[in-house]
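Reading through the structure tokens given below for one structure.
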Amino acid sequence: MRMAVAVAALVFAGSCAVCAQDKPAVDAAKVDAAVVAAFPSVPDDWKSRFVQDETMKECSAHENVPPKAVADAIQKRERARIEYPADGKLVGDWKEGEKLAQSGYGLRFTDYPARRANGGNCYACHQLTKAEVSYGTIGPSLLGYGKVRNFSAADTKAVYDKIYDSQAAYPCSNMPRFGANKVLTVDQIKDLVALVMSPDSPVNK
Amino acid sequence: MSRMEQNNSDGRREDIAVRAKLIILALACCALTATMQAAVAQDDTEKAIEKYRQMLKDDPWSNPGLLDVDRGETLWSTPAGPNKVSLEKCDLGKGPGVVDGAFAELPRYFADADRVMDLETRLLWCMEKLQGFKHADLVKKPYPSGGQPTKDFGAMAVYVANKSSGMKFAAKLDKPKEKEVVALGHAIFFRRQGPHDFACATCHGDSGKRIRLQGLPYLTKPEEARETVGQWPAYRVSTTQVMTMQHRLYDCYWQMRMPQPEMGSELSVALIAYLVKNAEGGEISAPGLKR
């Protein structure tokens with residue numbers, strides 16, 4: 001046991017020496033101050049966007065590759081944030097989901113006053129349907145996602161969870177935490193679950 | 001005149017205008033083709049655009065951004081502002097009035113301002129200190145909307161950058177204050193924030209990725225940073241204007257669901273210093289040509 005701790009300490013020290021070399025230490029308060037100072041004319045109700053929660057702080061500090069203990073803590077914290085619809089139904093309307101997947105509208109500084117609901121912009125990063133050839137590759141292809149999983153209830157819930165809070169599944173994922181950060185509503189998330197998991201959705205055709 | 005001297009300036013302008021239209025047509029076709037074909041054809045599209053860029057390099061007068069380079073040169077030597085003086089005494093780091101090769105050594109620390117400055121931040125400084133413009137006025141709405149012509153500021157920035165075209169990025173960034181700024185830029189590059197948790201690294205932290213059909217450079221990787229950073233300021237076909245690096249960052253922050261970063265802010269200078277450090281040794285070919 002003592003040996004294991006000693007080895008772990010060595011590994012830890014070793015990896016930190018490397019990151020100190022690659023990444024010169026900058027005081028986090030200085031970084032925060034530079035961010036705040038860059039937006040001097042910002043309206044008060046935007047100021048919360050400068051503030052990082054614990055998960056953002058840790059993912060930034062570890063450049064999205066958190067050590068296991070940190071990753072576990074993020075996962076636990078983010079899992080606790082997921083809220084479910086009162087009636088327990090997780091699948092909405094895939095046609096609405098497709099519209100949301102196409103839309104990148106919302107929360108940009110040109111989107112005020114809001115003219116329509118926020119989009120999920122899924123196609124920016126994921127392949128979803130054969131019909132849409134303009135898709136990004138930051139995230140994995142989701143073509144046939146529900147079908148290859150036999151549309152199982154467990155996978156349906158997992159998809160809901162991932163959209164609601166991606167980091168509950170993958171700590172420091174690039175994907176927004178759509179539900180936890182109130183970008184999308186529960187009903188919108190249900191529509192996206194339908195897009196991915198419904199047998200009649202073009203994702204599974 | 002830009003780095004390529006020619007005598008018949010008017011004839012050349014017409015020539016550029018005609019070629020500009022052809023380019024726009026060609027790129028519009030590229031865009032249309034890319035949308036119509038399956039995305040597996042994206043690599044071919046990229047290759048075709050790359051070939052196109054190479055042709056532009058071989059025939060530099062075909063880039064519409066060069067019209068702004070010429071305009072910028074005229075503006076540079078035209079008296080302006082409350083003090084009615086030109087920018088010909090502006091010290092871009094190689095001494096007052098030296099424009100050739102100045103961009104290749106930016107960002108750098110300037111003792112007179114006691115801060116590290118990139119090209120545009122230094123231009124702002126010269127316009128304030130030499131010409132007497134008010135800082136608040138200069139940074140109020142510094143970038144053109146899509147489809148609007150390049151603003152005078154952008155024309156002067158691309159003029160100065162073009163005077164380093166063909167050279168390699170050689171900013172030393174080795175003074176303590178310069179190192180501090182690069183480190184700050186590094187931290188900001190990875191800083192996640194806003195309702196989408198986005199950082200610069202979200203889109204620029206891996207090779208071979210795209211958003212929709214747009215390829216994304218991996219900007220912490222020197223090979224890709226060298227390839228990309230040297231193309232800015234760039235002529236953007238989709239907005240028909242020259243976009244400067246500060247404007248590029250402003251647009252990224254829009255996508256990141258953050259507010260509008262102020263031109264010349266410490267954050268913007270730090271990010272540019274970090275990118276230029278990563279791009280060290282890369283060739284400058286400004287203005288580049290972008291989607």
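These numbers come from the heavy atoms of this one structure, side chains and all, not from hydrogens, waters or symmetry mates. What you are looking at is a predicted structure, and each value in this text was computed from that prediction instead of being measured. Quick note on labels: first sequence line is chain A, next is B, and so on, each numbered from 1.
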Distance, nearest 0.5 Å, that separates CD1 of A/I138 from NE2 of B/H204: 8.5 Å
Nearest-0.5 Å distance that lies between atom OG in A/S60 and atom CD in B/Q193: 7.5 Å
Segment of [X] engaging chain A (4.5 angstrom heavy-atom cut-off):
X      : value
B/S268 : neither
B/D197 : both
B/F189 : neither
B/Y274 : neither

Pairs of heavy atoms under 4.5 Å with chain A: top-ranked of B/E180, B/Q255, B/Q260, B/E262: B/Q260
Contacting region of A/V35 [heavy-atom separation from chain B under 4.5 Å]: both
Interchain contact, A/Q167 with chain B, by part (heavy-atom threshold 4.5 Å): side chain
Test: B/R210 cationic atom under 6.0 Å from A/Y135 six-membered ring centre, within 45° of axis: yes
Whether the side chain of [X] engages the backbone of [Y] through a donor-acceptor N/O pair (distance < 3.5 Å, no angle test) should be reported.
X      : Y      : value
A/T137 : B/K209 : no
A/N181 : B/P195 : yes
B/R192 : A/T55  : no
B/R257 : A/F109 : no
A/R108 : B/M256 : no

Near-ring test A/F39/B/Y253, centroid separation under 6.0 angstrom: yes
Residues B/R191, A/E63: salt bridge by 4.0 Å N-O rule: no
Over 12 foreign heavy atoms within 6.0 Å of OH, A/Y112: yes
More than 12 heavy atoms of other groups within 6.0 Å of B/K172 NZ: no
Closest non-hydrogen atom pair, B/A183 against A/V26: O-CG2, 3.4 Å
